[in-house]
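When a ligand or atom number is given, it counts from 1 through the structure's own listing order. Here, residue 1 is the first one in the sequence, and each next residue gets the next number.
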Amino acid sequence: MTIPSPLTIPFVDLTWQHGPLQEAIQGVMNAVITQGDFVLGQALANFEASFAAACGTRFGVGVGCGTDAIALGLTACGITSGDEVILPANTFIATLIGVLRAGATPVLVDCDRATALMDLAAAEQAITSRTRAIVPVHLYGQMVSPQGLLELADRHQLIIFEDAAQAHLAQRDGYTAGSLGLGAAFSFYPSKNLGALGDGGMFVTPDERVAQTARSLRNYGATSKYYHTEPQGTNSRLDTLQAAVLNVKLPYLNGWNQARYTLAQHYDRRLAPLADHGIFPVRNDAGPGHIYHLYVVRVTSTCPLGRTELQAQLTAAGVQTGIHYPIPCHLQPAFRALGYGPGHFPQAEALSQEILSLPMYPGMTPEQVDYVVDAMVEAVSALRLSSLLQEMRG
Ligand SMILES: *Cc1c(COP(=O)(O)O)cnc(C)c1O
């Protein structure tokens with residue numbers, strides 16, 4: 001295949017989605033400007049109701065970002081200091097920051113190497129008499145087993161609080177992300193599957209009182225004007241403008257997720273031969289409910305090419321990649337005081353050395369997927385050839 005070079009395949013491209021929607025977006029933004037209800041306005045109430053319904057739950061509380069959705073959401077669910085909260089070691093740092101900001105004691109656990117998802121057996125072992133909640137992270141857009149979570153929570157009387165920041169409308173075994181427990185957090189950071197034009201987040205819950213507490217927490221802890229009942233209250237509201245934009249985008253979300261899934265299947269098919277060279281996609285146990293926020297491969301020790309080198313060769317070929325995430329939470333300098341160190345979570349640590357995220361966004365074409373995979377095949381076979389030549393000379 002000949003593609004003009006240097007061809008750049010970006011890791012994420014948002015212009016394809018905003019181009020066709022730009023006029024509609026400008027229209028609703030103008031309406032908000034005319035109306036002037038910039039904070040806690042009508043478009044926000046509309047979006048909260050539609051998004052919660054789409055997730056199969058009852059109440060949505062729009063907040064400033066996903067991190068706040070975790071922190072305020074956990075507090076609204078009754079999590080407080082002295083409570084232990086279980087979360088995976090391999091997640092974006094915001095999961096841990098949210099748990100800490102709720103005042104809880106984070107208890108990290110290891111993951112399954114093949115799926116990169118929280119290991120539920122390890123989670124069960126980490127339960128103590130002080131454990132109040134478990135925070136599964138639906139990493140890369142794949143839900144942690146709902147059945148496994150519900151049974152575990154039931155056996156130990158735990159609150160399930162989903163970090164669904166990468167899992168808007170993800171499904172597994174008939175369950176939708178955000179509907180499993182007492183609360184769930186979403187992020188609308190621009191590159192998430194549903195993204196605002198800036199920061200944004202939402203806490204969702206099936207419980208009316210929990211929703212009311214969260215509404216108060218995001219609004220200085222006030223239950224009515226200038227009457228404050230929640231000491232942990234802060235100022236964190238999803239802007240009416242952002243909500244108006246998200247209202248325009250929400251009807252497209254399912255289609256975008258499906259486009260990602262189709263591209264992922266194409267990647268899977270084209271990458272299958274690279275299994276012989278130690279390169280494997282992170283396993284999908286959720287079927288078509290996986291929404292592929294990220295498409296991640298593992299470059300294992302049997303690959304003749306290290307991950308760093310493969311990534312460099314892809315960069316040279318004009319393909320942008322990423323690593324999500326290069327350092328597990330327990331090895332981050334900021335959190336040394338938690339008392340974890342190297343060796344505590346061997347699967348998460350090994351995975352952080354193996355993973356490579358390939359370009360993935362709904363506007364990507366199958367030809368671009370082909371180009372990425374061809375570049376990977378070329379990098380791996382060029383190396384094999386040169387080592388073969390070396391052997392012959394030696
Ligand atoms: C993006 C993300 C968050 C945080 O969301 P922000 O809106 O950036 O605060 C939390 N958890 C996970 C898993 C994320 O990917």
Visitor: Are Tyr261 and His290 close enough that their ring centers fall under 6.0 Å?
Guide: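 No, the ring of Tyr261 stays outside the 6.0 Å limit from the ring of His290, centre to centre.
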Visitor: Suppose we call two aromatic rings close when their centres sit under 6.0 Å apart. Are His330 and Phe345 close by that rule?
Guide: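 His330 vs Phe345: aromatic centres under 6.0 Å.
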Visitor: Would you give me the side-chain donor-acceptor pairs under 3.5 Å for residues 50-62, sequence neighbours excluded?
Guide:
{"unit_1": "Ser50", "atom_1": "OG", "unit_2": "Asn46", "atom_2": "O", "d": "2.7"}
{"unit_1": "Thr57", "atom_1": "OG1", "unit_2": "Thr205", "atom_2": "O", "d": "3.4"}

Visitor: Kindly print each ligand 1 N/O atom paired with any protein N/O atom under 3.5 angstrom away, one pair per line, or none if nothing qualifies.
Guide:
{"unit_1": "ligand 1", "atom_1": "5 (O)", "unit_2": "Ser187", "atom_2": "OG", "d": "3.3"}
{"unit_1": "ligand 1", "atom_1": "7 (O)", "unit_2": "Gly66", "atom_2": "N", "d": "2.7"}
{"unit_1": "ligand 1", "atom_1": "7 (O)", "unit_2": "Ser187", "atom_2": "OG", "d": "2.6"}
{"unit_1": "ligand 1", "atom_1": "9 (O)", "unit_2": "Gly66", "atom_2": "N", "d": "3.2"}
{"unit_1": "ligand 1", "atom_1": "9 (O)", "unit_2": "Thr67", "atom_2": "N", "d": "2.8"}
{"unit_1": "ligand 1", "atom_1": "9 (O)", "unit_2": "Thr67", "atom_2": "OG1", "d": "2.6"}
{"unit_1": "ligand 1", "atom_1": "11 (N)", "unit_2": "Asp163", "atom_2": "OD1", "d": "3.3"}
{"unit_1": "ligand 1", "atom_1": "11 (N)", "unit_2": "Asp163", "atom_2": "OD2", "d": "2.8"}
{"unit_1": "ligand 1", "atom_1": "15 (O)", "unit_2": "Gln166", "atom_2": "NE2", "d": "2.8"}
{"unit_1": "ligand 1", "atom_1": "15 (O)", "unit_2": "Lys192", "atom_2": "NZ", "d": "2.9"}

Visitor: Going by atom type alone, with no hydrogens or angles, which donor-acceptor pairs under 3.5 Å involve a side-chain atom of residues 18-26 and a protein atom two or more places apart or on another chain?
Guide:
{"unit_1": "His18", "atom_1": "ND1", "unit_2": "Leu14", "atom_2": "O", "d": "3.4"}
{"unit_1": "His18", "atom_1": "NE2", "unit_2": "Lys249", "atom_2": "NZ", "d": "2.7"}

Visitor: Considering only residues two or more places apart or on different chains, which pairs with a residue in residues 209-228 satisfy salt bridge (Lys or Arg N to Asp or Glu O under 4.0 Å)?
Guide: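 Only Glu48-Arg215, Glu48-Arg218 qualify under salt bridge (Lys or Arg N to Asp or Glu O under 4.0 Å).
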Visitor: Determine, using ring centers only, whether Tyr340 and Phe335 are less than 6.0 Å apart.
Guide: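 No.
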